[in-house]
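Notes for the one structure printed next.
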Amino acid sequence: MGKKKEKCRKKTLLQKTLDGTTPTLNNCISQKHKICMVSDFFYPNMGGVESHIYQLSQCLIERGHKVIIVTHAYGNRKGIRFLTKGLKVYYLPLKVMYNQSTATTIFHSLPLLRCIFVRECITIVHSHSSFSVLAHDALFHAKTMGLHTVFTDHSLFGFADVSSVLTNKLLTVSLCDTNHIICVSFTSKENTVLRGALNPEIVSVIPNAVDPTDFTPDPSRREDGKITIVVISRLVYRKGIDLLAGIIPKLCLKHPDLNFIIGGEGPKRLVIEEVREKYQLHERVRLLGALEHREVRNVLVQGHIFLNTSLTEAFCMAIVEGASCGLQVVSTKVGGIPEVLPEDLIILCEPTVKSLCEGLEMVIAKERAGNLLSPAAIHNRVKTLYTWRNVAKRTEKVYDRVAKEVVLTIDERLHRLMFSCGPVAGCIFAFLAVLDFLLLLLLKWLVPESYMDRAVDATGPHGLWRQWSLPRASPNGEQKSNYHLSHSSVELLNDASC
Amino acid sequence: KCAYRHPGVRWRKVLYEPQPFPDNYVDERFLEELRKNIYVRRYRYWSVVFESGLVAQQLACVSVFVVLWWYMDRGLLTPHWLFGTGLLLSTVGYVAYDLVDGGLGRHQSGRTRWADLKSAIVFVLFTYGFSPLLKTLTESISTDTIYAMSFLMLLAHLVFFEYSTHMAVASSSLSLSVAIFASVCLASRLPGSLHAFATVTCAIEVFALWPLLLRRLKSHVPQGYVAVSLLVSVASVAVALSVTVVGGVLLALLLLCISLLCPYLLICLQLHKDNIHGPWDEAEITEDLSRFLR
Amino acid sequence: MSDEAFSDINGNRISLDCQRHSDFCGEFTVSSPKLSFLKVTGCTCALWLCAYTIFFFTEVTEVLSVAIMLSLVGMMGHLHFLKIDHESLLVIGSLGIQMTSSYASGRESTTFIEMSKVKDVVINEAIYMQRVIYYLCILLKEPLHPNEVGDIVPVFQSCKPRLNCLIEIYKQCQEILAQS
Amino acid sequence: MVLKIFFPQCCVQAESGLLIGRWLPKHNSAVVLAVIHFPFIPCQVKQYLCQLQNLIKLELAIVGSWSKAVKGQEKQDNFMEDLCTIFPQGDWLQMYSEKGKRGFDCRVIPRNGTKTMNNDKNVVIIHYDQRKVMLSQLHPADGLVLGSQKNVSELTMVFQTVSQSKELFHSDKYDEGPFKVTHWQSEGREASIIIELCKQASVPVCFMINCFLTVWFWMCKSRILNLWPARFVSSKLSTCVQLSHRAEQLQIMSNPRKTSEHLEFMRKGNIFLSFLIDLALGLLLISWLYRENCIARLADMLVPAADRVAEELQQLLQWLMGAPAGLKMNRALDQVLGKFFLYHIHLWISYIHLMSPFIGMILWYLGLSACLGLTIALSVFSDIVALLTFHIYCFYVYGARLYCLKIYGLSSLWRLFRGKKWNVLRQRVDSCSYDLDQLFIGTLLFTILLFLLPTTVLYYLVFTLLRLLVVLFQGLFHLCMDLINSIPLFAMGMRIFRPYRLAAGVKFRILQNDKERPLHLLMEINPLTFSAVLKWYRIPTYSCYPKDSWGALCKKLFIGELIYPWKTKHTKTD
């Protein structure tokens with residue numbers, strides 16, 4: 001039978017349930033929300049969005065909310081998994097179309113999503129990343145089902161070319177009746193407001209964060225007598241790898257004691273390799289290829305300078321990580337990057353080889369003169385700036401506010417669609433919304449909600465996870481829960497790959 | 001309102017320090033970095049006309065070729081004559097090609113005359129060898145099909161022709177091969193194999209060699225280029241008139257429209273441009289980075 | 001000896017029958033609803049109607065006989081191979097677990113798993129068709145290193161009971177497993 | 001922990017006495033094999049045990065005592081308890097049945113004589129049929145090889161114990177011994193005298209066959225047959241393949257060693273049966289063929305048939321050389337190809353007519369091959385078909401090659417046409433700038449090829465269809481052959497007539513349960529399903545169908561690669 005089997009962590013959960021303390025299944029407490037994070041991008045895939053979702057969920061769970069994550073299946077990782085602290089992840093068997101985002105027929109994901117929303121009695125649906133099709137589908141269906149919706153935009157988008165025009169129109173449609181939008185930087189907020197033609201009041205700015213304990217400095221690892229520049233990013237055009245390819249020979253010819261360490265994988269790797277071959281820099285430019293998440297820190301601490309050559313960034317996590325490891329950051333002055341670090345921790349340059357080289361020259365000179373800030377000092381400055389707990393707290397505020405709002409009824413929604421997203425697209429999507437509504441009715445008739453078992457909470461107010469960690473839990477259960485904690489976190493680390 | 005709840009505190013567009021404002025606070029300086037139409041280029045009319053001349057040029061060439069083929073089809077033109085004149089003109093062109101820039105280009109490319117001669121011989125021999133085959137090639141296919149196909153091909157030639165160096169769709173080799181394909185199709189309709197031969201050689205001269213010369217003229221002696229292109233356009237209209245009056249008039253109108261009206265429209269429409277720029281734009285790399293690889 | 005009514009994931013009524021032969025041996029039988037007479041008659045009539053229309057247009061009497069044969073054979077086949085009347089799970093402490101599914105025609109297919117191979121009996125969540133359901137399953141040990149989880153054998157595959165029913169069974173299974 | 005006692009059904013009615021059996025301490029269970037009746041002398045029992053133990057390599061023991069319900073229960077009762085001091089090994093089971101009640105009680109007295117009465121609750125008594133268990137062969141569910149698991153499971157142990165202690169069961173209840181024993185008694189040997197004779201006879205037969213085979217193989221190995229053309233032909237002729245396959249099977253079947261291994265035994269049985277069936281069918285065929293000499297008629301039919309085919313082909317070609325189905329084709333090329341093929345057919349017909357006088361005779365001799373078995377006859381026939389349709393094959397090859405060439409040229413020229421080229425190092429299409437003359441010639445050729453393509457495609461299509469027809473025909477024969485070769489008839493028969501011989505596992509039934517007596521289960525044998533039988537015992541054959549999937553086949557047809565009915569090396573790639 002077409003069952004997607006799941007690792008057997010469910011058992012202990014239920015066991016605890018049956019040992020007396022059965023949780024009251026469908027009572028939705030006002031302060032504590034039941035949140036469903038939806039995005040195409042999640043572990044084992046790696047990147048900013050993925051870690052954002054994971055860390056945010058963890059902190060929200062700490063604060064006593066119920067959080068589940070919905071994403072699409074990665075390889076044979078289908079079905080339902082439990083991660084640290086009983087964070088439940090649904091890997092839905094949807095077809096992947098183009099770099100890890102699913103193909104959409106708008107409707108085909110409705111039955112599954114509805115089932116999940118109902119059985120987990122979700123109150124707030126929180127979608128991530130405007131590139132994720134699944135996220136937009138979930139928004140669409142959640143509105144149809146009358147749930148509160150929040151959307152986090154992680155990326156910037158231009159207005160110049162045709163593709164961006166189309167995607168912006170889609171974004172307008174999908175955001176026009178979303179309750180609240182979260183952006184990761186003020187620039188990103190401006191961008192999103194313009195793209196979605198939104199009222200800026202419903203757009204909050206909540207920056208990303210890094211876990212400072214993961215990124216601690218260690219100057220002893222640096223190669224003395226040399227100056228090492230570290231670059232960690234996917235090797236793609238948007239990350240300005242062509243600029244890097246220009247910088248490397250210029251600086252290497254000038255400073256014989258300069259080394260480059262480049263972590264990450266991508267189509268532009270070819271360019272770097274060609275440069276390296278042309279200028280015979282094999283021992284001075286190290287290409288590490290794709291990095292696992294836990295390796296990143298060990299690479300970072302080997303360097304003096306962290307270089308970021310992105311051509312566009314909403315909020316560059318990489319530079320914060322670099323700074324947190326006590327590196328002097330040199331970056332292009334694009335997108336939200338100027339907002340991220342205080343002036344004395346970052347050197348901002350124009351996105352040209354010339355300007356970047358000047359910036360690096362300056363830093364190298366300082367390094368030689370020895371009047372750079374000490375790694376420890378930088379770390380101490382940075383570690384307080386962005387923490388996930390803070391992010392979670394601010395996100396929680398958004399949830400509270402959203403929970404108070406009323407969800408648009410179908411007719412209001414249609415009205416909104418028709419009159420705020422242009423005549424053509426508006427009508428089309430209004431029509432689609434109607435279809436979706438009808439499909440929902442059909443599903444309600446086919447599979448009434450009374451036929452669906454309410455899921456047993458792992459997290460949340462009555463989550464079983466916290467009940468174990470209480471001392472009165474049987475030693476057996478205790479040990480088991482520990483086993484799962486360690487097990488799943490180990491799994492996370494394994495899945496993490498840069 | 002938050003502003004005067006914390007008097008003196010001014011909102012700053014930074015994330016790294018906590019500010020006494022709610023997360024969804026909208027300052028009056030919101031979107032202040034928004035810019036519009038910063039990359040608008042001001043065109044000068046005659047320069048645009050000068051550039052767009054090439055398009056009209058190519059159109060004229062195509063029409064000339066078609067008319068020549070029509071003459072041969074009607075038997076008003078003997079293949080020997082066509083071939084002879086073609087040979088003559090191309091030798092003249094060849095000489096001109098070197099004179100224009102004083103052999104500078106030849107010096108750079110390092111291409112010997114022997115190579116030129118060789119390719120010329122190759123052209124002629126292959127065409128001559130294949131011409132009987134060409135004649136029987138498409139006899140089982142209906143004439144209309146052939147006409148339609150060659151029309152489409154010539155259109156494609158016009159679309160893909162490399163009018164300026166950096167164009168998205170342009171591909172010189174594709175445009176050339178399409179043109180040759182069309183010429184072969186047309187040639188296979190002619191009564192004799194010699195006709196086919198003449199037509200194809202003519203096609204080579206018109207579609208492959210002539211643009212080379214023209215481009216060089218354009219870059220070195222602009223006046224000459226203008227003169228020549230005018231001449232060709234007029235000639236094309238003239239020969240077209242000799243076939244059908246309507247066609248000739250239409251061609252003339254089309255040429256005028258392309259070379260005069262379209263530039264005017266372009267400049268008018270510049271005023272209605274409205275595109276948004278801001279810090280979120282993806283920075284494009286202006287400088288030429290390939291020098292590091294070369 | 002308890003016999004109560006539950007419903008399966010599609011809302012049909014099913015009955016669970018728990019027998020404890022002794023305190024380390026229990027038998028759990030989930031019996032799905034009987035074949036509904038209406039449905040059978042409906043299908044048969046539909047088939048025969050089609051056959052008759054065909055016969056009406058092409059005077060070929062074979063059509064009718066073929067239709068009758070088809071309906072009979074189909075009925076047989078359905079009863080013998082598809083329609084599962086009840087499934088039962090026999091748990092014998094320290095000996096093994098036996099799953100029996102008996103078809104409407106009386107055919108029985110049995111599988112017995114020794115206790116030495118069984119790691120545990122758990123309730124799982126899985127994505128099934130277009131929904132997410134709970135199901136009871138037996139975890140087997142990895143043959144080479146026994147404290148890994150090897151294969152997973154789902155139980156009650158045809159009549160899929162809902163969570164409350166599964167929990168009943170699960171509790172008693174766990175009792176028995178704890179006993180031995 | 002629950003104690004499991006495997007108790008043979010035949011011993012339920014036995015007189016009181018001692019239980020011979022085996023402890024499985026790892027699984028905390030005991031297998032009772034037999035009951036020794038009173039009266040006996042303990043030392044005799046002990047030495048009898050010793051004999052048994054070194055007869056069957058198992059540590060048998062007196063596991064307990066068995067008392068039938070009779071008068072004077074309690075006296076005997078404590079007598080039984082005394083017995084456990086006489087035979088001190090392991091725990092002591094004390095079983096006694098009472099009047100009226102079916103099922104019986106059991107008390108476990110641990111080795112250290114302290115009697116614990118309460119633990120008779122968690123004792124399971126599992127009744128089993130000794131004969132079936134002894135004869136049955138357990139098939140592990142996870143497709144491991146029989147009897148090669150690391151950690152032997154409980155049931156396997158039980159089965160092994162019972163099956164290994166055959167000798168114990170040989171001791172008949174009528175023969176004179178120091179004491180009487182109850183266990184399963186074979187009513188005489190399982191097999192009759194005939195089987196015995198066959199067994200005796202089989203040895204010399206096997207020996208003869210072996211000698212014959214050695215000669216055969218020596219012949220096969222001889223130099224002449226291993227020259228290139230011979231080997232190539234023989235690898236392509238299905239007759240030769242089938243013959244060698246049969247020879248190998250014979251060799252396997254007829255090695256005179258006695259087979260101990262179960263699988264090997266089954267294998268031999270299967271091969272033997274398939275042989276018999278094959279031969280029987282072959283003889284049937286012969287009797288039909290040579291009765292009112294069908295052969296001659298067949299031969300008379302064959303030549304006209306071949307002629308007919310040739311004529312049909314000629315007409316087809318004529319049709320193609322015209323305007324087939326109103327398709328516009330290049331007349332010149334069409335004529336050329338048509339003429340070429342016509343000439344070919346002409347050659348073919350003359351060749352047939354050259355052959356015609358001998359065909360009857362040839363067929364007559366070939367027909368005899370059927371007495372080697374139906375499969376041989378079939379393969380011979382399929383070879384004949386292959387030979388008679390050789391011209392179609394040739395046409396197909398020509399067409400395919402031509403087409404392949406065209407497609408290849410067109411694809412590369414199309415790239416040139418677009419100003420691209422295939423980069424071999426990076427395995428991708430790069431854009432590149434050609435010279436004028438390259439471009440010109442390329443385009444010219446492209447145009448010409450493009451306009452000539454339809455003609456070639458048509459020819460290719462037609463002949464491929466013909467070819468596929470023939471291949472299908474041959475494929476049917478090969479299918480039949482493979483069926484006869486591979487079906488494990490012996491195993492099937494065993495599954496049908498002696499289901500318990502091939503056990504997939506066991507199943508239990510609750511015999512009787514009342515709370516204050518131990519639980520009684522009945523262990524039955526769960527026979528293997530037919531699909532499983534096929535999976536386990538299918539005779540390995542040379543597979544005759546090409547390995548590649550339908551998609552791959554279509555792809556091959558499209559790019560004009562040759563397809564064969566037999567399996568070739570390079571088709572195994574996907």
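For clarity, every value in this text was computed on a predicted model and none was experimentally measured.
- With respect to the salt-bridge test (charged N to carboxylate O, under 4.0 angstrom), the residues A:R119 and C:E125 qualify.
- Distance OH/A:Y451 to CD1/C:I133: 15.5 Å, rounded to 0.5 Å.
- A:L92 touches chain C through backbone and side chain together, each having a heavy atom under 4.5 Å away.
- When heavy atoms are compared at a cutoff of 4.5 Å, A:L112 approaches chain C by way of both its backbone and its side chain.
- Rounding to the nearest 0.5 angstrom, the gap separating the CE atom in A:M452 from the CD1 atom in C:I9 is 10.5 Å.
- Within 6.0 Å of CZ on A:F437 lie no more than 12 heavy atoms contributed by other residues, nucleotides or ligands.
- Across all their heavy atoms, A:V456 and C:Y134 have their closest contact at N-OH, 3.1 Å.
- In this structure, chain A has a heavy atom under 4.5 Å from the backbone of C:N10, while its side chain stays farther away.
- Separating the CG atom in A:L446 from the CD atom in C:Q130 is a distance of 11.5 Å, to the nearest 0.5 Å.
- A donor-acceptor contact shorter than 3.5 Å is absent between the side chain of A:D453 and the backbone of C:R162.
- Annotation: A:M97, atom CE; neighbour count of heavy atoms from other residues, nucleotides and ligands within 6.0 Å is above 12.
- Neither the backbone nor the side chain of A:S109 has a heavy atom closer than 4.5 Å to any heavy atom of chain C.
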**Item:** Test log, rule side-chain contact (heavy atoms from CB on, under 4.5 Å), inputs C:I127 and A:K78
**Value:** CA-CA 9 Å; C:I127 299 174; A:K78 300 174 194 146; over 6 Å; no
